[in-house]
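Structure record follows, encoded as structure tokens.
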Protein chains: 2
Amino acid sequence: MNYNYEHDLNKGISVDCVIFGFDFEKLKVLVIRRKPVENISESLVSLPGDLIFNDENLDQAAQRVLKELTDLENIYLEQLGAFGDLDRLSKPSDIAWLRSNRAQPEARVITVAYYALVNLNAFDPKPSNFAESVSWEPVEDIKSMAFDHLEIFNKAREELYRKLKIQPIGFNLLPKKFTLSQLHKLYEAIVGRELDKRNFRRKMIKLEIVKKLDEKQKGVPHKPSNFYEFHVENYKRLVNKGFDNFGF
Amino acid sequence: MNYNYEHDLNKGISVDCVIFGFDFEKLKVLVIRRKPVENISESLVSLPGDLIFNDENLDQAAQRVLKELTDLENIYLEQLGAFGDLDRLSKPSDIAWLRSNRAQPEARVITVAYYALVNLNAFDPKPSNFAESVSWEPVEDIKSMAFDHLEIFNKAREELYRKLKIQPIGFNLLPKKFTLSQLHKLYEAIVGRELDKRNFRRKMIKLEIVKKLDEKQKGVPHKPSNFYEFHVENYKRLVNKGFDNFGF
DNA sequence: GCAAAAGTGTTAACTGTACACCCATGA
DNA sequence: TCATGGGTGTACAGTTAACACTTTTGC
């Protein structure tokens, strides 16, 4: 891609994306390490993002950032809101980075944040224009971030949790076929505490939002687990009845 | 207030506020009727809003708009998110209005929307810079709005409902002292259906988030109702225990 | 045969829901 | 005394929460 930044970019507004993934063990977030600039050695991770083009809407800008990193389209994506504190770009290392990457480094920039849920086994993230490297980090290891990205990240975790209680969005983090144990582990990773295995399975099965497949795990050194799919039609039926409380 | 728009305003970003009020009968929203411009007779109502100054953050801009209309400060305020569809300013009557009120009428503007909850008995709204008149309209009467304000308004109603289920924000719409019947009516207005009176009262009393006062209604032609207050401390205690489901 | 994770039922406590009558007041 | 809204209890159904052992597989 090769854009004329002077004319196409809206210089006051950016998007940033909190991209969640699940490796069957831990909930992870995709972060980028910026290319080093000037003589700043500090290397905070940050969220993928970019300025917005004048001919795309906000959702499209977020989709573009995701596509550049993951090559995936039609990703589950929700807006978190706008962040516009006056000091959001004031850390010394952030200013240095902006000076070498933006046409108007001192400009005030308001960012619109999104969170995305992806099946991280489906792709390898690749470095983009602004990133030296891209990596999946366990969410509980994230202690600091560039700009105001830690604030955005924390908001994203809260929203993910809040949403999981009222909608079964977790399926977006899993492959099409999954086991109930994987789903169970995922829910525990998001809510941050243990959930009773029997009660969890009973709830999912009773709500009929999972469809049992005629296929089991192979080659595992223990009783093989049955595969399931998300049952979209049944879930839609539930929603129409007004259901919105999973009780986690 | 008298600002130099060329220098102080961020021309690409505005805030718009959905201000809810409750008159003990219906849920209402504060709308403005724009001053007529050119030869456009159509007079759609719109949400109060303004461009953002470069020396204020997003929340402060929203507070400023509220203060200008209501003279109230410390209002309950939540951000709804950013709205940036490319066609959000494309209706003919909107373009005419922008031409006579904005320095760069053709500029793309992204808006950050907020909703606010106020006790509408505490003040009379007053016309502001951009508004010919200001009025409270029952939410169910709103069928169309200028710009993309109907979309924002609908999102605000959804969020108000969603939030009411997990937090007792309704108290912000009532005076400090209120009766349980008023609270009951308010909840019915927001959730949009009848709620059993006994079950409702039992729930509020059992959760201990209302404090019974030693004071009754006077001069009413029926059994006088007891006044209550919101019990902030007890509610905080509930939150700390992880409570977040009122079940409406 | 053993290690490892899958899969399965019951009970008690709590919560939600449906429902109808008497009470206190002003006019 | 009547019209108006305030205020109260009970029973049934459904949901949540706690808890431990047997099964199937690979090695």
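All chains are named by letter (A, B, ...) in the order of the sequence lines, taking the proteins before the strands, and each is independently numbered beginning at 1.
- Near DNA chain D, meaning a heavy atom under 4.0 Å away, there are no residues from residues 162-169 of chain B.
- Where A:Phe246 and A:Lys216 each meet DNA chain D at their nearest nucleotide, the meeting point lying more 5' is that of A:Phe246.
- Shown here for A:Ile75 and A:Leu117, the closest heavy-atom pair between the two residues is CG2-O, 3.8 Å.
- Ring-plane geometry between B:Phe20 and B:Tyr115 is classed as perpendicular, the angle between the planes exceeding 60 degrees on a 0 to 90 degree scale with a lower cut at 30.
- Atom CD of B:Glu159 is separated from atom CG of B:Leu164 by 12.0 Å, given to the nearest 0.5 angstrom.
- For A:Tyr161, the side-chain hydrogen bond (donor to acceptor under 3.5 Å, both in side chains) test picks out no residue, with sequence neighbours left out.
- Between A:Tyr228 and A:Met204, every side-chain heavy-atom pair lies at or beyond the 4.5 Å cut-off.
- When rounded to the nearest whole Å, the span between NZ of B:Lys206 and P of D:dG9 equals 16 Å.
- A heavy atom closer than 4.0 Å to some atom of DNA chain C occurs in A:Lys197, A:Arg198, A:Arg201, A:Arg202, these being the qualifying members of residues 184-205 of chain A.
- Contacts between residues 170-181 of chain B and DNA chain C, counted as heavy-atom distances below 4.0 Å, involve no residue at all.
- D:dA17 atom C1' lies 13 Å from atom CZ of A:Phe248, rounded to whole Å.
- Using a 4.5 Å heavy-atom threshold, the side chains of A:His231 and A:Glu208 count as separate.
- In this structure, A:Tyr187 has its ring center under 6.0 Å from that of A:Phe200.
- A:Tyr76 has its ring centre no less than 6.0 Å from the ring centre of A:Phe171.
- On the nucleic acid side, DNA chain C has its first and last nucleotide under 4.0 Å of a heavy atom of chain A at C:dA3 to C:dT10, going 5' to 3'.
- Atom CG of B:Asp59 and atom CG of A:Asp85 lie 7.5 Å apart (nearest 0.5 Å).
- The pair B:Lys177-B:Glu215 meets the salt-bridge criterion, since a charged nitrogen lies less than 4.0 angstrom from a carboxylate oxygen.
- Classification of the B:Phe243-B:Phe246 ring pair by plane angle, with boundaries at 30° and 60°, yields perpendicular.
- A:Leu195 approaches A:His184 most closely through the heavy-atom pair O-NE2, 2.7 Å.
- Taking each heavy atom of B:Val18 and B:Phe153 in turn, the nearest pair found is CG1-CD1, 4.0 Å.
- Scanning residues 222-230 of chain B for heavy-atom distances under 4.0 Å to DNA chain C yields B:His222, B:Lys223, B:Pro224.
- Note that CD of B:Gln217 and OG of B:Ser225 are 4.5 Å apart. Values are rounded to the nearest 0.5 Å.
- In terms of heavy atoms, B:Val45 sits closest to B:Ser144 at CG2-O, 4.0 Å.
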